[in-house]
Amino acid sequence: MINIEKINKFVDISAKLGELGLIIVEDVNSKKVATVGVALQKKDYIRSKDYLELMDNLENKQATFYIEPNDKLDDLIWRIVRHYNDGMVSMMDRKNHTGLKTIHFLPKESPLILILTREQVDKSPQGLFEYVGGIESV
């Protein structure tokens with residue numbers, strides 16, 4: 001059973017600190033991942049389905065979360081993670097082929113939460129925890 005109060009407290013603290021938050025779902029059960037997503041939506045977080053939506057939400061000062069659908073953290077999301085604390089991300093718009101996309105934001109105004117399963121964390125790039133402020137395991 002997922003403790004929603006625990007998630008809410010974690011999300012609030014992460015946003016106040018302006019740090020990237022990581023919620024690790026220990027069980028691969030997709031219902032648990034969905035439950036965490038619903039809890040964040042109730043806190044007015046918007047789900048970003050890909051790197052472009054994530055960049056747009058950060059730039060628009062929207063609290064957002066990203067649920068990784070693949071076996072490991074996507075390379076484009078990984079790039080955003082590495083530059084989140086800098087408040088600036090530049091990358092090619094590979095989806096629309098419109099050239100370089102650059103965003104500027106303040107982490108305290110654009111909270112970001114990643115949701116990964118334990119297996120995804122284990123397969124993701126080394127150094128992930130160096131860029132994450134707070135980690136909550138559910």
Side-chain angles (χ1 to χ4, degrees):
M1 184 84 178
I2 292 182
N3 185 339
I4 301 300
E5 280 186 40
K6 185 177 175 182
I7 291 172
N8 289 340
K9 184 183 263 186
F10 170 74
V11 168
D12 290 342
I13 291 170
S14 182
K16 286 179 185 173
L17 295 174
E19 295 180 341
L20 174 70
L22 171 63
I23 297 177
I24 301 173
V25 179
E26 296 293 340
D27 188 357
V28 183
N29 185 334
S30 60
K31 287 183 182 180
K32 289 188 178 183
V33 173
T35 300
V36 174
V38 169
L40 292 176
Q41 287 173 330
K42 288 181 180 178
K43 299 279 296 171
D44 293 327
Y45 276 67
I46 292 178
R47 180 177 180 180
S48 297
K49 294 184 177 125
D50 62 26
Y51 75 101
L52 287 175
E53 283 186 15
L54 182 54
M55 290 176 75
D56 288 342
N57 288 335
L58 291 174
E59 187 173 44
N60 293 326
K61 299 179 182 179
Q62 175 61 54
T64 188
F65 67 97
Y66 176 78
I67 298 174
E68 180 57 57
N70 300 311
D71 292 347
K72 65 177 185 169
L73 189 62
D74 180 89
D75 290 339
L76 299 171
I77 300 298
W78 171 234
R79 185 174 206 165
I80 294 170
V81 166
R82 290 191 327 255
H83 295 285
Y84 177 77
N85 287 331
D86 301 335
M88 185 179 112
V89 178
S90 290
M91 354 180 165
M92 295 300 294
D93 184 344
R94 297 177 188 177
K95 187 174 181 181
N96 302 313
H97 305 289
T98 57
L100 186 66
K101 179 174 176 77
T102 301
I103 62 165
H104 300 274
F105 61 94
L106 294 173
K108 282 192 176 187
E109 294 176 354
S110 304
L112 171 58
I113 302 289
L114 292 179
I115 302 172
L116 302 172
T117 64
R118 172 61 60 193
E119 288 80 16
Q120 289 170 324
V121 169
D122 292 343
K123 293 178 183 177
S124 291
Q126 288 186 337
L128 174 63
F129 296 116
E130 293 175 26
Y131 298 99
V132 174
I135 300 170
E136 186 63 53
S137 180
V138 295

Exam field: side chain [X] to backbone [Y], donor-acceptor pair closer than 3.5 Å:
X    : Y    : result
Q120 : L116 : no
T117 : V25  : no
T64  : I46  : yes
E109 : G18  : no
N70  : K72  : no
E119 : D71  : no
S14  : G134 : no
D50  : L52  : yes

Applying the 4.5 Å side-chain criterion to the ILVMFWY set and letting contacts propagate, would [X] and [Y] be lumped into a single cluster?
X    : Y    : value
V89  : L112 : yes
I7   : I135 : no
L58  : L73  : yes
I113 : V132 : no
V33  : F10  : yes

Exercise. Determine the sole option in L22, L114, D74, L76 for which the side chain to side chain contact (heavy atoms under 4.5 Å, CB included) test with V81 is passed.
Key: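 Result for side chain to side chain contact (heavy atoms under 4.5 Å, CB included) with V81: L114.
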Considering non-hydrogen atoms only, spot the tightest contact between [X] and [Y] and give its length.
X   : Y    : result
S48 : N57  : OG-ND2, 2.9 Å
Y45 : A15  : OH-CB, 3.8 Å
R47 : I67  : NH2-CB, 3.8 Å
Y84 : L20  : CE2-N, 3.5 Å
L17 : K108 : O-CE, 3.7 Å
Q41 : F65  : CG-CE2, 3.8 Å

Exercise. Sequence neighbours left out, what passes salt bridge (Lys or Arg N to Asp or Glu O under 4.0 Å) with E26? Give chain and number order.
Key: R118
Approximate separation, where rounding is to 0.5 Å, of [X] [atom1] and [Y] [atom2]:
X    : Y    : atom1 : atom2 : result
E5   : N8   : CD    : CG    : 7.5 Å
M55  : I77  : CE    : CD1   : 9.5 Å
K101 : E59  : NZ    : CD    : 5.5 Å
D56  : Q62  : CG    : CD    : 11.5 Å
I23  : K6   : CD1   : NZ    : 10.5 Å
D86  : Y131 : CG    : OH    : 9.0 Å

Quiz item: Mind checking what makes side chain to side chain contact (heavy atoms under 4.5 Å, CB included) contact with M88, not counting sequence neighbours?
Solution: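 Only S90, T102, H104 meet the side chain to side chain contact (heavy atoms under 4.5 Å, CB included) criterion with M88.
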Quiz item: Hey, mind stepping through Y51 and Y66 against ring pair (Phe, Tyr, Trp, His ring centres under 6.0 Å) and telling me if it holds?
Solution: CA-CA 9 Å; Y51 75 101; Y66 176 78; 10.0 Å; no
